[in-house]
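Positions are given from 1 along the sequence. Model, not experiment: these values are computed from the prediction.
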Amino acid sequence: MGSEDRFHKRKAKSAPRDLARKRAKRVPYHRVLIVCEGSKTEPKYLGELIDCLKLNSANVEVDGSCDSSPISVVKYAKQKYLEDKKTGDVFDRVVCVFDKDSHVSYEQALSEISNAKPKNVFHAINSVPCFEYWVLLHFKFTTKQWGSSGTKSPCDTLIKGLEQYLPNYSKGESGLYK
C-alpha cells in the first residue's frame with residue numbers, strides 16, 4: 001500500500017538548471033539600416049511604409065543625412081555600419097537607396113556595393129531615373145525609358161508624368177505612401 005503512493009508523490013526540482021528561465025525560441029529580427037540619397041522624399045516615404053507595415057522602428061533605421069551622390073551614399077552607409085559595429089550592435093543588412101538620374105558616380109556606387117564586405121550585408125535599391133519612378137508604379141506598370149527633354153532632366157520628365165496621378169505632387173511631401 002505504501003509502495004503505490006511513491007509514484008504519485010511530487011518530485012522536487014533536483015537542480016538549479018530546472019528552475020532557470022527558458023531561452024527565447026523566436027529568432028530576433030534583423031537590424032536594417034536604410035541610407036537614402038534624398039533627405040526628404042525617400043526617408044518620408046520609407047518611414048510611412050514602415051508605419052503602414054507596422055515594422056518596429058528599433059529594427060529599421062532610415063537615414064537621409066548624407067550627400068546626394070550615389071558614391072557618397074555608399075561611403076556614408078559603410079561608415080555608419082563600422083561605427084555601429086564598434087559599439088557591438090551591428091546592422092544585419094545595410095540598404096543604399098539612390099537614383100541614377102545624371103550622377104557620374106552611379107556605376108562606381110553599384111560596384112562598391114557588389115564588392116563590399118562582409119558579403120550579403122550591403123544592398124542597393126537603385127532607381128532609374130529617380131525615386132519617383134517607384135511612386136509612379138503605385139499607379140501604373142511601365143517600362144518606359146524616361147529621357148531628358150530640352151532643359152528638363154529625366155527625373156523632371158518623369159515627375160511631369162506622375163502629375164497625371166498626383167496633380168499637386170512636390171518632392172518631400174508627407175503622406176506620399178498612403
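- At a cut-off of 3.5 Å, with distance as the only test, a side-chain donor of Asp63 or Ser65 sits close to an acceptor on the other residue.
- Side-chain N/O atoms of Ser69 and Ser72 include a donor and acceptor closer than 3.5 Å.
- Under the 4.5 Å side-chain criterion, counting only non-hydrogen atoms from C-beta, Glu132 is in contact with Cys155.
- Thr157 and Gly147 make their closest contact through OG1-O, 3.1 Å (heavy atoms, listed as atom of the first residue, atom of the second, distance).
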Criterion side-chain contact (heavy atoms from CB on, under 4.5 Å) on Val95 and Val35, from CA distance to verdict: CA-CA 6 Å; Val95 180; Val35 179; over 6 Å; no

Working for side-chain contact (heavy atoms from CB on, under 4.5 Å), residues Asp156 and Thr151: CA-CA 9 Å; Asp156 291 336; Thr151 59; over 6 Å; no

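- The distance between the ring centers of Phe131 and Tyr45 falls below 6.0 angstrom.
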Derivation of the salt bridge (Lys or Arg N to Asp or Glu O under 4.0 Å) call for Glu83 and Lys80: CA-CA 5 Å; Glu83 287 172 4; Lys80 191 130 170 103; 5.4 Å; no

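- Grouping the Ile, Leu, Val, Met, Phe, Trp and Tyr side chains by contacts below 4.5 angstrom, directly or via other members, places Val97 with Val62.
- Considering only heavy atoms from C-beta on, Glu61 stays 4.5 Å or farther from Ile34 through its side chain.
- Under a 3.5 Å cut-off, the side chain of Lys44 and the backbone N or O of Gly172 do form a donor-acceptor pair.
- Contact of the Lys140 side chain with the Tyr165 side chain is registered, since non-hydrogen atoms from C-beta on lie closer than 4.5 Å.
- You'll find the side chain of Trp134 reaches within 4.5 Å of the side chain of Ser127, heavy atoms only.
- Using a 4.5 Å heavy-atom threshold, the side chains of Lys171 and Ile159 count as touching.
- Between Ile71 and Ser105, the shortest heavy-atom distance links the atoms N-OG, 3.3 Å.
- No side-chain heavy atom of Pro129 sits less than 4.5 Å from a side-chain heavy atom of Asp99.
- Ile113 and Val104 are members of different hydrophobic clusters when ILVMFWY side chains are connected at heavy-atom separations under 4.5 Å.
- Counting heavy atoms from C-beta on, the side chains of Val121 and Val90 never come closer than 4.5 Å.
- Leu49 and Leu33 fall into different hydrophobic clusters, where Ile, Leu, Val, Met, Phe, Trp and Tyr are joined by side-chain heavy atoms under 4.5 Å apart, directly or via other members.
- For Phe122, the ring-ring contact (aromatic ring centres under 6.0 Å, His included) criterion is met by Tyr81, not counting sequence neighbours.
- Contact record, Thr142 with Leu137: N-CD2, 3.9 Å, taken as the closest heavy-atom pair.
- Two residues are said to be in side-chain contact when any heavy atoms from C-beta on lie closer than 4.5 Å; Asp92 and Val32 fail this criterion.
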From CA spacing to verdict: salt bridge (Lys or Arg N to Asp or Glu O under 4.0 Å), Lys40, Glu173: CA-CA 8 Å; Lys40 295 179 186 169; Glu173 71 180 59; over 6 Å; no

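- For residues 56-76, the set of pairs meeting the ring pair (Phe, Tyr, Trp, His ring centres under 6.0 Å) definition, not counting sequence neighbours, is empty.
- Every residue was checked against the ring-ring contact (aromatic ring centres under 6.0 Å, His included) condition with Tyr169, not counting sequence neighbours, and none meets it.
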CA sep, side-chain torsions, deciding dist, call: Asp101, Trp146, side-chain contact (heavy atoms from CB on, under 4.5 Å): CA-CA 10 Å; Asp101 208 10; Trp146 299 92; over 6 Å; no

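- Heavy-atom minimum distance, Cys96 versus Ala77: SG-CB, 3.6 Å.
- Grouping the Ile, Leu, Val, Met, Phe, Trp and Tyr side chains by contacts below 4.5 angstrom, directly or via other members, places Phe91 apart from Ile125.
- Around NZ of Lys75, the count of heavy atoms belonging to other residues, nucleotides or ligands within 6.0 Å does not exceed 12.
- With a 6.0 Å radius and a threshold of 12 heavy atoms from other residues, nucleotides or ligands, Lys86 has its NZ atom at or below the threshold.
- Scanning both residues, Leu158 and Tyr133, for their nearest heavy atoms gives CD2-N, 3.6 Å.
- Checked by atom type and distance alone, the side chain of Lys100 never pairs as donor or acceptor with a backbone atom of Glu107 at under 3.5 Å.
- Under the 4.5 Å side-chain heavy-atom criterion for grouping Ile, Leu, Val, Met, Phe, Trp and Tyr, Phe139 is not connected to Val128 through any hydrophobic cluster.
- Closest heavy-atom contact between Glu48 and Tyr177: OE1-N, 2.8 Å.
- Here the CZ atom belonging to Arg93 is positioned 5.0 Å from the NE2 atom belonging to His123, to the nearest 0.5 angstrom.
- Salt bridge Asp84/Arg31: present, at least one basic N to carboxylate O contact under 4.0 Å.
- For Lys78 and Glu112, the salt-bridge test passes: some basic side-chain N is under 4.0 Å from an acidic carboxylate O.
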